[in-house]
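Bear in mind that the values here come from a model prediction, so they are computed numbers and not experimental data. Scope of the values below: all heavy atoms of this structure, side chains included, with no hydrogens, waters or symmetry mates. Per chain, numbering begins at 1; letters A, B, ... match sequence-line order.
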There are 2 protein chains.
Amino acid sequence: MPKNLTEQKILDAAHKLFTHKGMNGARMQEIADEAGINKALLHYYFRSKDKLFERIFIESFSQLVPKLNILLDNKKTLDEKIKMFVNEYIIVLQHNSFLPLFILQEIQRDPENLYEKLSSAGFDSKVILNNLQTGMDLPVLQIKNLMINIIGLCVFPFAAKPLLNHVFFDNDEEAYCDFLEERKKSLPEFILNCLKY
Amino acid sequence: MPKNLTEQKILDAAHKLFTHKGMNGARMQEIADEAGINKALLHYYFRSKDKLFERIFIESFSQLVPKLNILLDNKKTLDEKIKMFVNEYIIVLQHNSFLPLFILQEIQRDPENLYEKLSSAGFDSKVILNNLQTGMDLPVLQIKNLMINIIGLCVFPFAAKPLLNHVFFDNDEEAYCDFLEERKKSLPEFILNCLKY
DNA sequence: GTCTATACGCAGATAGAC
DNA sequence: GTCTATCTGCGTATAGAC
């Protein structure tokens, strides 16, 4: 819980603007307006745009990292892992529609920075890959492929949402929500089917 | 073929910078440097940054649109359509690694603008959906789901490339190329498997 | 066509009153 | 803590010489 109300208003406004427009697209003035305060106050609380962005970005992407570790839970079968992972991953994204594109932009803008954050958030791809491999008995490359497929399938409908919603659902927001809701169930089936051959 | 060499050098430079950094991230000075010419010359040839960007963006994304119409070719079976589409789509992306994120950023930055361009490039989702539906006998929602899956699976490895290459291939560029090459074959199988149940 | 020099505006950041 | 006013630098764009 943040110290006071102003700080929280700034964080909320910054979250909205940064996730919608990215680091380069968002303006400090816009953030101040959105928060209903003055530009100078932003700097009083967070010193610089970089620092404010850093704060928002870490808070946002950190929500996703723990979900990856669902794939490590040895008490579950592969089926259960995938179902639970997809479900929880999509739930986070439903509450943060702009997160995927936000992260993708950062992947491009400053990859080195992101690797460090991933590590310090407790992500280790080798552990996950090893774990999956002992449970599945497939070549490593196929496991990598599978992970990329799973994540891509979760992420893409959000990253491309404005376009997909227009093309496939005539910009009907509710229809798109239904579509995502349905997808939480159908996607694990889609993925698991591919593994049965 | 452009009128002269300078114009071509500018277009090449602009293409590189815009696709790597997006409209907001790219700087006119950088583009001029990359082209080995002066900033003023950019404006002499293209008047404004907006106009230059417009030119590059249309040229880039137009390469992808025609590929979507592969799905309309009634001389092919569904299997063949999907195989050919995935293959050709990925080939374009291999020659334009930054295209996916470039387009995703534009989806966010100015969606309205993009819809118009899609239409004028000859894209009509309803025609494609209708065509697929008569061939497949599935509910419309499932067809939409399928299309989103196919495109997402093609696009994601490129949109997230810098991160995926680091996490799964230790930044070995060649390994990542091999992975994409292999994927051109395995992806259609992955998708078609899901449809056989 | 291509350059140098410069105008102009905007965005991030600071100074200082309250 | 919060404001107004202001500085500084950068990025786009233009003027004008060659």
Could you state the atom-to-atom distance from [atom1] of [X] to [atom2] of [N] in whole Å?
X       : N      : atom1 : atom2 : answer
A:Lys51 : C:dG12 : NZ    : P     : 15 Å
A:Leu17 : C:dA11 : CG    : P     : 12 Å
B:Asn38 : D:dT12 : CG    : C1'   : 13 Å
A:Leu5  : D:dT2  : CG    : C1'   : 14 Å
A:Asn24 : D:dG11 : CG    : C1'   : 13 Å
B:Asp33 : C:dC3  : CG    : P     : 12 Å
B:Phe53 : D:dG11 : CZ    : P     : 18 Å
A:Tyr44 : C:dG12 : OH    : C1'   : 19 Å

So, does A:Thr6 get its side chain near the phosphate of D:dT2, meaning an N or O under 4.0 Å from OP1 or OP2?
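For A:Thr6, the contact criterion (side-chain N or O under 4.0 Å from OP1 or OP2 of D:dT2) is met.
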Quick check on D:dT14: is either OP1 or OP2 less than 4.0 Å from any side-chain nitrogen or oxygen of B:His43?
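Negative; the distance criterion is not met.
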Ring centroid separation for B:Phe158 and B:Phe102, is it under 6.0 angstrom?
no
Atom NZ of A:Lys83: over 12 foreign heavy atoms under 6.0 Å
no
Look at atom NZ of B:Lys49 and say whether more than 12 heavy atoms of other residues, nucleotides or ligands are closer to it than 6.0 Å.
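Counting other residues, nucleotides and ligands, NZ of B:Lys49 exceeds 12 neighbours.
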When you measure from the side chain of [X], which nucleotide among [options] comes out closest?
X       : options              : value
B:Tyr45 : D:dT14, C:dT2, D:dT2 : C:dT2
B:Ala40 : C:dG12, D:dC3, C:dC3 : C:dC3
B:Lys39 : D:dT12, C:dC3, D:dT2 : D:dT12

Looking at B:Lys184 and B:Glu181, is any side-chain nitrogen of the basic one under 4.0 Å from a carboxylate oxygen of the acidic one?
yes
Give every donor-acceptor pair under 3.5 Å between a side-chain atom in residues 164-174 of chain A and any protein atom, sequence neighbours left out.
| residue | atom | partner | partner atom | Å |
| --- | --- | --- | --- | --- |
| A:Asp172 | OD1 | A:Glu174 | N | 3.0 |
| A:Asp172 | OD1 | A:Ala175 | N | 3.1 |
| A:Glu173 | OE2 | A:Lys161 | NZ | 2.5 |

Could you tell me whether B:Ala32 contacts a base, only the sugar-phosphate backbone, or nothing, with contacts defined as non-hydrogen atoms closer than 4.0 Å?
nothing
Sequence neighbours excluded, every pair satisfying salt bridge (charged side-chain N to carboxylate O under 4.0 Å, His left out) that has a member inside residues 28-41 of chain B
B:Lys16-B:Glu34, B:Lys21-B:Glu30
Compute both the distance and the angle, then confirm whether B:Arg109 meets the cation-pi test with B:Phe53: under 6.0 Å from the six-membered ring centre, within 45 degrees of the axis.
yes
Could you list the protein-to-nucleotides 8-10 of chain C atom pairs, N/O on both sides, closer than 3.5 Å?
none

